[in-house]
Amino acid sequence: MDALIVTLPGDGIGPEVLASGQRALDAIADRYGHSFHYDQQLIGGAAIDATGSPLPDNTLASLRDCDAVLLGAVGGPKWSDPNASVRPEQGLLRLRESLEVYANLRPVKVSASLRDASPLKGELLDGVDMLVVRELTGGIYFGEKTQTPDAASDLCTYTRGEIERIVRVAAKLAGARRGRLCSVDKANVLATSRLWREVVNSVMADEYPAVELETLLVDAAAMHLLSRPKDFDVIVTENMFGDILTDEASMLAGSLGMLPSASLGDSTRGLFEPIHGSAPDIAGRGIANPCGMLASCALLLRHSLGLDEEAAALEDAIEKAVASGARTADLAAPGSTPLSTDAMTAAILKFL
Ligand code: IPM
Ligand code: MN
(Lines give C-alpha, C1' and ligand atoms only; values in the text may rest on other atoms or scores of the structure.)
(Ligands and ions follow the chains in the order given, each with its own letter.)
Protein backbone atom coordinates (compact mmCIF):
# COMPACT_ATOMS: atom_id res chain seq x y z
CA MET A 1 0.00 0.00 0.00
CA ASP A 2 0.92 3.67 -0.40
CA ALA A 3 0.68 5.89 2.65
CA LEU A 4 1.53 9.50 3.44
CA ILE A 5 2.80 10.10 6.94
CA VAL A 6 3.37 13.59 8.34
CA THR A 7 6.43 13.51 10.59
CA LEU A 8 6.91 16.07 13.35
CA PRO A 9 10.34 15.69 14.99
CA GLY A 10 9.86 18.56 17.47
CA ASP A 11 12.38 19.18 20.22
CA GLY A 12 14.99 17.52 22.42
CA ILE A 13 15.26 13.80 21.72
CA GLY A 14 12.20 14.06 19.42
CA PRO A 15 14.25 14.19 16.19
CA GLU A 16 16.51 11.35 17.37
CA VAL A 17 13.70 8.91 18.11
CA LEU A 18 11.70 10.02 15.09
CA ALA A 19 14.63 9.05 12.85
CA SER A 20 14.50 5.57 14.42
CA GLY A 21 10.77 5.39 13.79
CA GLN A 22 11.21 6.25 10.14
CA ARG A 23 13.92 3.60 9.84
CA ALA A 24 11.55 1.02 11.30
CA LEU A 25 8.71 2.04 8.99
CA ASP A 26 11.06 1.85 6.00
CA ALA A 27 12.17 -1.61 7.08
CA ILE A 28 8.53 -2.70 7.28
CA ALA A 29 7.78 -1.13 3.88
CA ASP A 30 10.72 -3.00 2.38
CA ARG A 31 9.85 -6.33 3.89
CA TYR A 32 6.12 -6.22 3.09
CA GLY A 33 6.16 -4.30 -0.20
CA HIS A 34 4.59 -1.00 0.86
CA SER A 35 5.64 2.56 0.08
CA PHE A 36 5.50 5.06 2.86
CA HIS A 37 6.01 8.71 2.00
CA TYR A 38 6.95 11.28 4.60
CA ASP A 39 6.13 14.94 4.85
CA GLN A 40 8.30 16.44 7.59
CA GLN A 41 6.93 19.54 9.29
CA LEU A 42 7.64 21.83 12.22
CA ILE A 43 6.07 21.74 15.67
CA GLY A 44 6.90 22.92 19.18
CA GLY A 45 9.97 24.94 20.11
CA ALA A 46 11.65 24.26 16.77
CA ALA A 47 8.59 25.77 15.08
CA ILE A 48 8.59 28.78 17.42
CA ASP A 49 12.23 29.43 16.54
CA ALA A 50 11.60 29.16 12.81
CA THR A 51 8.20 30.85 12.49
CA GLY A 52 7.09 32.29 15.83
CA SER A 53 4.24 29.77 16.07
CA PRO A 54 4.31 26.35 17.79
CA LEU A 55 1.98 24.95 15.10
CA PRO A 56 2.62 26.84 11.86
CA ASP A 57 0.09 27.05 9.02
CA ASN A 58 2.21 24.79 6.80
CA THR A 59 2.06 22.07 9.41
CA LEU A 60 -1.70 22.44 9.76
CA ALA A 61 -2.12 22.36 5.97
CA SER A 62 -0.05 19.16 5.71
CA LEU A 63 -2.49 17.31 7.97
CA ARG A 64 -5.31 17.52 5.45
CA ASP A 65 -4.11 14.85 3.05
CA CYS A 66 -2.13 12.54 5.28
CA ASP A 67 -2.95 9.05 6.51
CA ALA A 68 -1.22 9.41 9.89
CA VAL A 69 0.95 11.72 11.95
CA LEU A 70 4.09 10.60 13.77
CA LEU A 71 5.47 12.92 16.44
CA GLY A 72 8.72 12.94 18.45
CA ALA A 73 8.31 15.29 21.42
CA VAL A 74 7.92 18.98 22.18
CA GLY A 75 9.28 21.38 24.77
CA GLY A 76 12.52 22.24 26.54
CA PRO A 77 14.18 24.73 28.88
CA LYS A 78 14.81 27.17 26.04
CA TRP A 79 11.07 27.85 25.72
CA SER A 80 10.06 27.42 29.37
CA ASP A 81 10.01 31.05 30.48
CA PRO A 82 6.75 31.25 32.48
CA ASN A 83 6.09 34.67 30.97
CA ALA A 84 6.54 33.63 27.35
CA SER A 85 3.47 34.32 25.22
CA VAL A 86 3.81 31.11 23.20
CA ARG A 87 4.89 27.69 24.41
CA PRO A 88 5.84 24.52 22.51
CA GLU A 89 3.15 22.51 24.33
CA GLN A 90 0.45 24.73 22.80
CA GLY A 91 1.47 23.32 19.42
CA LEU A 92 0.83 19.78 20.58
CA LEU A 93 -2.50 20.63 22.19
CA ARG A 94 -3.67 22.48 19.06
CA LEU A 95 -2.51 19.56 16.94
CA ARG A 96 -4.58 17.09 18.99
CA GLU A 97 -7.54 19.46 18.78
CA SER A 98 -7.26 20.03 15.01
CA LEU A 99 -6.99 16.31 14.34
CA GLU A 100 -9.95 15.74 16.68
CA VAL A 101 -8.14 12.81 18.24
CA TYR A 102 -10.09 12.57 21.48
CA ALA A 103 -9.04 9.06 22.46
CA ASN A 104 -5.48 8.55 23.61
CA LEU A 105 -4.56 4.87 23.93
CA ARG A 106 -1.59 4.13 26.17
CA PRO A 107 -0.88 0.42 26.50
CA VAL A 108 1.29 -0.63 29.45
CA LYS A 109 2.69 -4.12 29.15
CA VAL A 110 5.55 -5.49 31.21
CA SER A 111 8.11 -7.58 29.29
CA ALA A 112 9.17 -10.54 31.39
CA SER A 113 12.78 -9.61 30.60
CA LEU A 114 12.33 -6.14 32.10
CA ARG A 115 10.82 -7.39 35.34
CA ASP A 116 13.92 -6.35 37.24
CA ALA A 117 14.14 -2.91 35.64
CA SER A 118 11.07 -1.69 37.49
CA PRO A 119 11.40 -0.23 40.97
CA LEU A 120 8.44 -2.46 41.93
CA LYS A 121 8.77 -6.02 43.18
CA GLY A 122 8.87 -8.52 40.31
CA GLU A 123 6.05 -10.68 41.63
CA LEU A 124 3.65 -7.75 41.33
CA LEU A 125 4.55 -7.31 37.68
CA ASP A 126 4.26 -10.70 36.01
CA GLY A 127 1.42 -10.53 33.51
CA VAL A 128 0.73 -6.81 33.78
CA ASP A 129 -1.12 -5.86 30.59
CA MET A 130 -3.30 -2.78 30.76
CA LEU A 131 -4.53 -0.16 28.36
CA VAL A 132 -5.16 3.35 29.61
CA VAL A 133 -7.67 5.28 27.50
CA ARG A 134 -7.14 8.94 28.23
CA GLU A 135 -9.65 11.56 27.06
CA LEU A 136 -7.42 13.93 25.08
CA THR A 137 -9.26 16.98 23.78
CA GLY A 138 -11.32 18.18 26.74
CA GLY A 139 -11.15 18.94 30.44
CA ILE A 140 -8.81 21.31 32.21
CA TYR A 141 -6.30 21.29 29.34
CA PHE A 142 -8.72 23.11 27.08
CA GLY A 143 -10.84 25.25 29.42
CA GLU A 144 -10.56 28.99 29.72
CA LYS A 145 -7.49 30.23 31.59
CA THR A 146 -7.01 33.46 33.50
CA GLN A 147 -3.88 34.83 35.09
CA THR A 148 -3.07 38.00 36.98
CA PRO A 149 0.03 38.51 39.13
CA ASP A 150 -1.90 37.33 42.20
CA ALA A 151 -4.47 34.85 40.99
CA ALA A 152 -4.95 32.32 38.21
CA SER A 153 -7.61 29.85 37.14
CA ASP A 154 -8.06 26.92 34.77
CA LEU A 155 -11.58 25.90 33.89
CA CYS A 156 -12.40 22.20 33.64
CA THR A 157 -15.45 21.33 31.57
CA TYR A 158 -16.84 18.15 30.07
CA THR A 159 -19.99 17.60 28.07
CA ARG A 160 -22.11 14.44 28.07
CA GLY A 161 -21.19 13.88 24.42
CA GLU A 162 -17.45 14.09 25.10
CA ILE A 163 -17.75 11.54 27.88
CA GLU A 164 -20.02 9.19 25.96
CA ARG A 165 -17.68 8.90 22.99
CA ILE A 166 -14.56 8.16 25.04
CA VAL A 167 -16.39 5.62 27.18
CA ARG A 168 -17.60 3.85 24.04
CA VAL A 169 -14.03 3.64 22.70
CA ALA A 170 -12.79 2.22 26.00
CA ALA A 171 -15.70 -0.20 26.43
CA LYS A 172 -15.24 -1.59 22.90
CA LEU A 173 -11.55 -2.13 23.54
CA ALA A 174 -12.30 -3.79 26.89
CA GLY A 175 -14.83 -6.07 25.20
CA ALA A 176 -12.10 -7.23 22.80
CA ARG A 177 -9.63 -7.81 25.67
CA ARG A 178 -10.39 -9.26 29.11
CA GLY A 179 -13.79 -7.60 29.40
CA ARG A 180 -12.99 -5.29 32.32
CA LEU A 181 -13.22 -1.52 32.42
CA CYS A 182 -12.10 0.71 35.29
CA SER A 183 -13.29 4.31 35.20
CA VAL A 184 -11.22 6.79 37.20
CA ASP A 185 -12.65 10.09 38.46
CA LYS A 186 -12.79 12.40 41.48
CA ALA A 187 -16.56 12.38 41.90
CA ASN A 188 -16.32 13.13 45.62
CA VAL A 189 -15.02 16.63 44.78
CA LEU A 190 -15.45 17.60 41.12
CA ALA A 191 -18.70 18.32 39.28
CA THR A 192 -17.12 17.19 35.98
CA SER A 193 -16.35 13.87 37.66
CA ARG A 194 -19.93 13.47 38.89
CA LEU A 195 -21.16 13.93 35.32
CA TRP A 196 -18.39 11.57 34.15
CA ARG A 197 -19.52 8.87 36.56
CA GLU A 198 -23.19 9.21 35.68
CA VAL A 199 -22.47 8.99 31.95
CA VAL A 200 -20.11 6.02 32.39
CA ASN A 201 -22.72 4.15 34.42
CA SER A 202 -25.48 4.77 31.93
CA VAL A 203 -23.46 4.02 28.75
CA MET A 204 -22.11 0.83 30.27
CA ALA A 205 -25.49 -0.39 31.54
CA ASP A 206 -27.29 0.40 28.28
CA GLU A 207 -24.68 -0.56 25.68
CA TYR A 208 -22.01 -2.78 27.24
CA PRO A 209 -23.68 -4.89 29.93
CA ALA A 210 -21.16 -7.69 29.32
CA VAL A 211 -18.17 -5.53 30.21
CA GLU A 212 -17.47 -5.53 33.94
CA LEU A 213 -17.27 -1.99 35.30
CA GLU A 214 -15.25 -0.80 38.29
CA THR A 215 -15.04 2.83 39.44
CA LEU A 216 -12.11 4.29 41.36
CA LEU A 217 -11.34 7.74 42.71
CA VAL A 218 -8.12 8.98 41.17
CA ASP A 219 -6.16 9.09 44.43
CA ALA A 220 -7.04 5.47 45.17
CA ALA A 221 -6.34 4.52 41.55
CA ALA A 222 -2.83 5.95 41.87
CA MET A 223 -2.27 3.55 44.75
CA HIS A 224 -3.98 0.52 43.20
CA LEU A 225 -1.83 0.90 40.07
CA LEU A 226 1.15 0.02 42.24
CA SER A 227 -0.45 -2.41 44.69
CA ARG A 228 -2.38 -4.58 42.17
CA PRO A 229 -1.33 -3.57 38.64
CA LYS A 230 -2.18 -6.90 37.04
CA ASP A 231 -5.87 -6.54 37.94
CA PHE A 232 -6.33 -3.74 35.42
CA ASP A 233 -7.49 -4.40 31.88
CA VAL A 234 -8.76 -1.11 30.38
CA ILE A 235 -8.76 2.12 32.37
CA VAL A 236 -10.73 5.11 31.10
CA THR A 237 -10.22 8.55 32.53
CA GLU A 238 -10.26 12.27 31.83
CA ASN A 239 -7.41 14.21 30.29
CA MET A 240 -5.28 15.29 33.24
CA PHE A 241 -5.78 12.17 35.37
CA GLY A 242 -4.74 10.11 32.35
CA ASP A 243 -1.63 12.21 31.86
CA ILE A 244 -0.53 11.68 35.45
CA LEU A 245 -1.50 8.02 35.84
CA THR A 246 0.31 6.96 32.66
CA ASP A 247 3.62 8.44 33.79
CA GLU A 248 3.11 6.51 37.01
CA ALA A 249 2.18 3.32 35.13
CA SER A 250 5.26 3.61 32.94
CA MET A 251 7.38 2.66 35.93
CA LEU A 252 5.75 -0.77 35.83
CA ALA A 253 7.34 -1.23 32.41
CA GLY A 254 10.75 -0.18 33.71
CA SER A 255 11.15 3.10 31.83
CA LEU A 256 9.07 5.93 30.45
CA GLY A 257 11.05 5.32 27.26
CA MET A 258 9.23 2.05 26.58
CA LEU A 259 5.69 3.31 26.20
CA PRO A 260 3.86 4.24 22.99
CA SER A 261 0.61 6.02 22.41
CA ALA A 262 -2.03 6.31 19.72
CA SER A 263 -4.43 9.24 19.59
CA LEU A 264 -7.54 8.47 17.60
CA GLY A 265 -10.78 10.13 16.60
CA ASP A 266 -13.64 9.01 14.40
CA SER A 267 -11.53 8.48 11.27
CA THR A 268 -8.51 6.20 10.80
CA ARG A 269 -6.13 9.17 10.70
CA GLY A 270 -4.33 9.12 14.02
CA LEU A 271 -1.50 10.82 15.85
CA PHE A 272 1.22 8.56 17.20
CA GLU A 273 3.87 9.51 19.74
CA PRO A 274 5.89 7.93 22.49
CA ILE A 275 4.63 9.08 25.90
CA HIS A 276 8.06 10.29 27.02
CA GLY A 277 8.82 13.95 26.54
CA SER A 278 11.72 15.79 24.93
CA ALA A 279 14.20 14.73 27.68
CA PRO A 280 16.42 17.82 27.35
CA ASP A 281 18.95 16.30 29.79
CA ILE A 282 19.97 13.64 27.26
CA ALA A 283 19.09 15.39 23.98
CA GLY A 284 21.70 15.41 21.24
CA ARG A 285 23.70 12.52 22.67
CA GLY A 286 22.15 9.70 20.65
CA ILE A 287 21.31 7.65 23.73
CA ALA A 288 17.50 7.93 23.91
CA ASN A 289 15.46 4.74 24.07
CA PRO A 290 13.71 4.29 20.69
CA CYS A 291 11.31 1.56 21.95
CA GLY A 292 8.43 3.91 22.77
CA MET A 293 8.72 5.41 19.29
CA LEU A 294 8.97 2.07 17.52
CA ALA A 295 6.00 0.74 19.46
CA SER A 296 4.12 3.91 18.43
CA CYS A 297 4.97 3.10 14.80
CA ALA A 298 3.42 -0.34 15.35
CA LEU A 299 0.24 1.37 16.59
CA LEU A 300 0.30 3.60 13.50
CA LEU A 301 0.53 0.55 11.23
CA ARG A 302 -2.38 -1.09 13.04
CA HIS A 303 -4.78 1.77 13.65
CA SER A 304 -4.23 4.15 10.72
CA LEU A 305 -3.03 1.81 7.97
CA GLY A 306 -4.86 -1.37 8.95
CA LEU A 307 -1.60 -3.37 8.72
CA ASP A 308 -2.11 -5.74 11.65
CA GLU A 309 0.48 -8.29 10.64
CA GLU A 310 3.16 -5.65 10.15
CA ALA A 311 2.28 -4.06 13.49
CA ALA A 312 2.56 -7.37 15.31
CA ALA A 313 5.89 -8.11 13.60
CA LEU A 314 7.35 -4.82 14.81
CA GLU A 315 6.05 -5.33 18.36
CA ASP A 316 7.46 -8.82 18.34
CA ALA A 317 10.85 -7.54 17.18
CA ILE A 318 10.97 -5.04 20.06
CA GLU A 319 10.09 -7.76 22.54
CA LYS A 320 12.71 -10.15 21.15
CA ALA A 321 15.45 -7.52 21.11
CA VAL A 322 14.74 -6.60 24.72
CA ALA A 323 14.59 -10.29 25.67
CA SER A 324 17.96 -10.80 23.98
CA GLY A 325 19.42 -8.22 26.38
CA ALA A 326 19.53 -5.14 24.15
CA ARG A 327 19.26 -2.08 26.42
CA THR A 328 19.63 1.66 26.11
CA ALA A 329 21.02 3.67 29.02
CA ASP A 330 17.65 4.12 30.77
CA LEU A 331 17.40 0.35 31.25
CA ALA A 332 20.98 -0.94 31.19
CA ALA A 333 22.25 -2.73 34.29
CA PRO A 334 24.87 -0.80 36.26
CA GLY A 335 28.33 -1.56 34.87
CA SER A 336 27.08 -2.78 31.47
CA THR A 337 27.63 -0.80 28.27
CA PRO A 338 24.31 0.55 26.99
CA LEU A 339 23.39 0.71 23.30
CA SER A 340 23.00 4.00 21.47
CA THR A 341 19.64 4.91 19.94
CA ASP A 342 20.88 3.76 16.53
CA ALA A 343 22.35 0.50 17.81
CA MET A 344 19.16 -0.29 19.74
CA THR A 345 17.10 0.41 16.62
CA ALA A 346 19.34 -1.91 14.61
CA ALA A 347 19.09 -4.59 17.30
CA ILE A 348 15.29 -4.45 17.03
CA LEU A 349 15.14 -4.37 13.22
CA LYS A 350 17.38 -7.45 13.06
CA PHE A 351 14.41 -9.41 14.45
CA LEU A 352 11.99 -8.25 11.73
C1 IPM B 1 1.87 13.94 27.28
C2 IPM B 1 2.59 15.22 27.61
C3 IPM B 1 1.74 16.40 27.16
C4 IPM B 1 0.43 16.36 27.92
C5 IPM B 1 2.41 17.78 27.31
C6 IPM B 1 3.75 17.84 26.60
C7 IPM B 1 1.52 18.89 26.86
O8 IPM B 1 2.87 15.28 28.98
O9 IPM B 1 1.58 13.73 26.09
O10 IPM B 1 1.60 13.15 28.18
O11 IPM B 1 0.35 16.83 29.06
O12 IPM B 1 -0.54 15.85 27.36
MN1 MN C 1 2.40 13.46 30.05
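Whatever order the structure lists ligands and atoms in, that order sets their numbers, starting from 1. Quick note: numbers below take in every heavy atom, side chains included, and nothing from hydrogens, waters or symmetry partners.
Under the 3.5 Å distance criterion, with hydrogens and angles disregarded, a donor-acceptor pair is assigned to the side chains of Tyr38 and Asp26. Side-chain atoms of Ser255 and Asp330 include a donor-acceptor pair closer than 3.5 Å. Judged by distance alone, the side chains of Thr345 and Arg23 never bring a donor and an acceptor atom under 3.5 Å apart.
Scanning the protein heavy atoms around atom 1 (C) of ligand 1, the nearest turns out to be Arg106 NH2, 3.4 Å. The nearest heavy-atom contact from the protein to atom 2 (C) of ligand 1 is Asp243 OD1, 4.1 Å. Of the protein's heavy atoms, Tyr141 OH, 2.6 Å lies nearest to atom 11 (O) of ligand 1.
For Arg134, every heavy-atom contact with ligand 1 shorter than 4.0 Å involves the side chain, none the backbone.
Arg134 forms no cation-pi arrangement with Phe241, by the criterion of a distance under 6.0 Å to the ring centre and an angle within 45° of the ring axis.
Distances shorter than 4.0 angstrom occur between a heavy atom of Arg96 and an atom of ligand 1. Contact analysis leaves His276 out of contact with ligand 1, as no non-hydrogen atom separation drops below 4.0 angstrom.
In this structure, Phe272 and His303 have parallel ring planes: the angle between them is below the 30° cut-off, well short of the 60° mark.
Shortest distance from the Mn ion (ligand 2) to Asp243 is reached at OD1 (N/O/S atoms only).
Between Phe36 and Gln22, the closest side-chain pair of non-hydrogen atoms is not below 4.5 Å.
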